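Below you'll find the structure, written out as structure tokens, and then a few comments.
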Amino acid sequence: MRRREREITDPAEIDEILNTSQYLHLGLVDDGMPYVVPLNYGVVKDQADGHYIIYLHGAHEGRKLDIIRKNPNCCFTMECNVAPFEGRMACQYGTVYECAMGFGKVTIVEDPQEKIAALVALMKTQTGKDDFQFDERMVSIVTVMRIDVEELTAKRRPMPGNS
């Protein structure tokens, strides 16, 4: 990270970013060309080793799944607390934000019980509530994808003068 003064290393602050962002941008590589798509997500920590797991959902077919089946490597970004600010001149305008950027591998979840847990996690991340009910019939109509996060960094751009 070039701007070390903006790096976030506190695990609680990183958790806050992961749990309050509303969507992520999933980056994939399709035959050497980048492909990025915004998606809703859910996030949990693996109980065995504490790494982050990000769940995504979508249709049973499409370009995203075709790419994942060929190349499961991915990257993602997400941001929260985004707000523009003004300056005295054009180059002093900017945006405050907090963001997380990561790398991992995407797999397609087949186990119905994990799919249910994934959709509950997705709804919790998106709504703050975890009292949604899903059954195997409901989860059979969606594809659930899982990113096991291998590398994660976070940073913040504060309001100028508030560093």
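Worth knowing before you read on, the calculation uses all heavy atoms, side chains too, and leaves out hydrogens, waters and symmetry mates. Please read these numbers as outputs of a predicted model, since none were measured by experiment.
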Sequence neighbours excluded, every pair satisfying ring-ring contact (aromatic ring centres under 6.0 Å, His included) that has a member inside residues 34-93: none
With sequence neighbours left out, the residues meeting ring-ring contact (aromatic ring centres under 6.0 Å, His included) with Y23 are H25
Just do the side chain to side chain contact (heavy atoms under 4.5 Å, CB included) check on L65 and T143 with the steps written out, would you? CA-CA 9 Å; L65 287 178; T143 296; 3.9 Å; yes
Can you list, pair by pair, the side-chain donor-acceptor contacts under 3.5 Å of residues 128-135, counting residues two or more places apart and other chains?
unit_1	atom_1	unit_2	atom_2	d
D135	OD1	R137	N	3.1
D135	OD1	M138	N	2.8

Passes salt bridge (charged side-chain N to carboxylate O under 4.0 Å, His left out), R156 versus E13? Steps please. CA-CA 10 Å; R156 141 185 322 110; E13 290 182 65; 2.3 Å; yes
T77 side chain to M101 backbone, donor-acceptor under 3.5 Å: no
Might you point out which heavy atoms bring T20 and C80 nearest each other, and give the distance in Å? OG1-SG, 3.6 Å
Interatomic spacing from CG in L39 to CG in L56 - rounded to 0.5 Å: 5.5 Å
Return yes when atom CD of Q47 has more than 12 non-hydrogen atoms of other residues, nucleotides or ligands closer than 6.0 Å, and no otherwise. no
For the student: nearest non-hydrogen atoms of I14 and A154, plus distance: CG1-CB, 3.9 Å
May I ask you to say whether D66 pairs ionically with K64, meaning some side-chain N is under 4.0 Å from a carboxylate O? no
Once side chain to side chain donor-acceptor pair (under 3.5 Å) is applied, what residue pairs with a partner in residues 115-126 remain, sequence neighbours excluded? none
Roughly how far apart are K105 NZ and C74 SG, rounded to 0.5 Å? 8.5 Å
Sorted by first residue and then second, give each salt bridge (charged side-chain N to carboxylate O under 4.0 Å, His left out) pair with at least one member in residues 19-29; sequence neighbours left out. none
Under 4.5 Å side-chain heavy-atom separation, chaining through any Ile, Leu, Val, Met, Phe, Trp or Tyr, what else clusters with Y97? Say none if it is isolated. V82
